[in-house]
There are 2 protein chains.
Amino acid sequence: MVTRTSEPEIRVAVSTVILTLRRARDVDQPSLALPLVLRTRDPHQGDWALPGGWLEPDESLEDAAARTLHETTGLSPSYLEQLYAFGAVDRSPSRVVSIVYWALLRSDEVDAQSAAHVASGLAPENVQWFDAAGLPSLAFDHNQIIDYALWRLRNKVGYSRVAHGFLPPTFTLADLREAYEAILGKRLDPANFRRQVETSAALLPTDEFRTGSHRPARLYRYDDDVELADRGPLAPEKDVKEKRTR
Amino acid sequence: MVTRTSEPEIRVAVSTVILTLRRARDVDQPSLALPLVLRTRDPHQGDWALPGGWLEPDESLEDAAARTLHETTGLSPSYLEQLYAFGAVDRSPSRVVSIVYWALLRSDEVDAQSAAHVASGLAPENVQWFDAAGLPSLAFDHNQIIDYALWRLRNKVGYSRVAHGFLPPTFTLADLREAYEAILGKRLDPANFRRQVETSAALLPTDEFRTGSHRPARLYRYDDDVELADRGPLAPEKDVKEKRTR
DNA sequence: CCAAAAGTGTTATCCTTACACCCATGC
DNA sequence: GCATGGGTGTAAGGATAACACTTTTGG
């Protein structure tokens, strides 16, 4: 067996596709949006790119994703999961292996965290939010990466509760359905949607109702006790900790 | 924005969980097995570990997985897909980010390639095949990694044709069903299984039959023209090339 | 003929889908 | 009242699962 040692010219970076569901003015349907960072140096100077940065020796991949995302955008996601490791030789002039994560965040949290980021005096002028449909040509292979993240989100919304990442602790079934519709890009029957989420038993009804227009709608919350094996043996540590303290 | 540069102490490794379906003596049901390599140095000297090695600067992640797998075991898989990037700080004494792949290979190819590997004079005594059920305690986090690979295989067999990786070009429906049964760990109704794969339209019947015992069984082959979006926008390059030359 | 696997038929059940319909509130 | 979204009912269609049954070979 030949023993080899890695050369230092391979660097490890992390990037994050962080999505939110925002309701544009004069549009009733919310749509997916994500922040991009304007590159201020080569390679790809002047192009938009995913927020990210280099992996530090003393932090895990997920920690690095959360840190670099926060440093560049001020955001702290409500959901964070590894997407894929991209390592083609020619994806960057120097050799970079990028571990990409995807994340979700409520739009009101985006607003609050962005405001706090601006108030802290850091430079936000390099960050801009784009509608996920109709992106410009991005730096590196980031268009392909975002396509893959959106595909994963569309897939996963069917067998997990990732939509939770877009919603406040309590929400109406119409809120949940709107999130599903925006993710899947198609309208869903309200009656059938209600029965499907009810039989899945992942939701708990509360005694509260949202009033303000027409018939009040019951508020629901997610049942944290429901086991869902959407990540298999790679259980997120957060869940484990939550269970321990219960 | 703070600019950081990665320190050279982070190294990138690749490992591969390569599975085969082998029929043990005196057992009618085939079972999943995988090769492990005995570690000859610290850390974890004397423990069994996944085949792998360091990423070289001029090769892609997938190329590195195929190369290190071949160097350590002599095997060339029929199916190869990225599994996950593992990067916990404490998973190794030095900082190593491991990009792990999972792969499939027919047992007769395993035998042929292993024999060729031995004949070429390389050291095979460090490699041993283990039944996927009932592994010993392995080096690093490799037990967890294998659990995740098996989970992915069980999931993916339902909506893709990964089972193809265990089968020769033509095969009977009983062959295919045996592969599914071994992967899923449960018996399947032959009648219903037949109808499911027939309606999925991923199989083409041939004019040949396998004889030798009882009623001859028709041989089928996979229909390469069937599109399956099991990897989303990350289409393997092999498929693209095949389409171009068609 | 007999055993056993290949292959077909049938039925119950569940899930999905489409859509009619009633309910409760703001205006 | 009436428009509108919240919520229930219902029936058709398809997928699944269980299992009886027929076919075709080797011995």
Side-chain angles (χ1 to χ4, degrees), chain A residues 23 26-30 154-155 157-161 163 167-168 170-221 226 228, chain B residues 23 26-30 154-155 157-161 163 167-168 170-221 226 228:
Chain A
R23 198 178 302 271
D26 306 333
V27 181
D28 50 348
Q29 292 301 308
R154 281 194 299 271
N155 265 316
V157 77
Y159 63 88
S160 76
R161 48 186 192 203
L167 295 174
T170 64
F171 48 87
T172 68
L173 292 182
D175 292 337
L176 185 61
R177 180 168 48 83
E178 270 193 345
Y180 273 69
E181 288 177 342
I183 292 169
L184 298 174
K186 64 177 180 184
R187 309 305 298 265
L188 301 173
D189 185 290
N192 296 330
F193 182 80
R194 163 182 302 273
R195 274 182 291 256
Q196 282 177 7
V197 300
E198 276 172 352
T199 56
S200 81
L203 291 189
L204 293 177
T206 71
D207 294 334
E208 296 171 282
F209 290 81
R210 175 179 300 164
T211 178
S213 75
H214 312 302
R215 175 173 173 177
R218 183 181 293 274
L219 292 173
Y220 290 78
R221 63 179 180 84
V226 175
L228 75 165
Chain B
R23 199 177 302 271
D26 306 335
V27 181
D28 50 349
Q29 292 302 309
R154 280 193 299 270
N155 266 316
V157 78
Y159 62 90
S160 76
R161 48 187 191 201
L167 295 174
T170 64
F171 47 86
T172 68
L173 292 182
D175 293 336
L176 184 62
R177 181 168 48 84
E178 270 193 343
Y180 272 70
E181 289 176 343
I183 292 168
L184 297 173
K186 64 177 180 185
R187 309 304 299 263
L188 300 174
D189 184 290
N192 295 330
F193 182 80
R194 163 182 302 271
R195 275 183 290 255
Q196 281 178 9
V197 299
E198 275 173 352
T199 56
S200 81
L203 291 190
L204 292 177
T206 72
D207 293 333
E208 296 170 284
F209 289 81
R210 174 176 303 164
T211 179
S213 73
H214 312 302
R215 176 172 173 176
R218 184 181 291 275
L219 291 173
Y220 289 78
R221 63 179 180 83
V226 175
L228 75 165

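What's counted below: heavy atoms across the whole structure, side chains too, no hydrogens, waters or symmetry copies. Proteins get letters first, then strands, A, B, ... in listed order; numbering begins at 1 in each.
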Atom [atom1] of [X] and atom [atom2] of [N]: how far apart are they, to the nearest Å?
X: B:Phe193; N: D:dA15; atom1: CZ; atom2: P; answer: 17 Å
X: B:Lys186; N: D:dA17; atom1: NZ; atom2: P; answer: 7 Å
X: A:Arg218; N: D:dG7; atom1: CZ; atom2: P; answer: 7 Å
X: A:Asn192; N: D:dT10; atom1: CG; atom2: P; answer: 15 Å
X: B:Tyr180; N: D:dA17; atom1: OH; atom2: P; answer: 14 Å
X: A:Arg187; N: C:dA18; atom1: CZ; atom2: P; answer: 14 Å
X: A:Phe209; N: C:dA24; atom1: CZ; atom2: P; answer: 11 Å
X: B:Tyr159; N: D:dT16; atom1: OH; atom2: P; answer: 16 Å

On the side chain of [X], is there an atom forming a donor-acceptor pair with the base of [N] - under 3.5 Å, no angle test?
X: A:Arg210; N: D:dG5; result: no
X: B:Arg215; N: C:dA5; result: no
X: B:Arg195; N: C:dG7; result: no

Checklist entry - Which atom names give the shortest non-hydrogen contact between A:Ala182 and A:Pro30, and what distance separates them? => result CB-O, 3.5 Å

Checklist outcome for this item: Residues A:Thr170 and A:Arg221: closest non-hydrogen pair is CG2-CB, 4.3 Å

Checklist outcome for this item: On DNA chain D, more 5' by nearest nucleotide between B:Thr211 and A:Ala217 is A:Ala217

Checklist entry - Can you tell me if the side-chain N/O atoms of A:Arg194 get under 4.0 Å from OP1 or OP2 in D:dG7? => result yes

From the options [options], select the nucleotide whose nearest atom is closest to the side chain of [X].
X: B:His214; options: C:dA4, D:dC19, D:dA3; result: C:dA4
X: B:Asp189; options: C:dA6, C:dA18, D:dC19; result: D:dC19
X: A:Ala191; options: C:dA6, D:dT8, D:dT16; result: D:dT8

Taking the side chain from [X] and the backbone from [Y], do they hold a donor-acceptor pair closer than 3.5 Å?
X: B:Arg218; Y: B:Thr206; answer: yes
X: A:Glu181; Y: A:Leu188; answer: yes
X: A:Ser160; Y: A:Val157; answer: no

Checklist outcome for this item: Result for 5'-nearest mapping on DNA chain C, choosing between A:Gln196 and A:Pro216, is A:Gln196

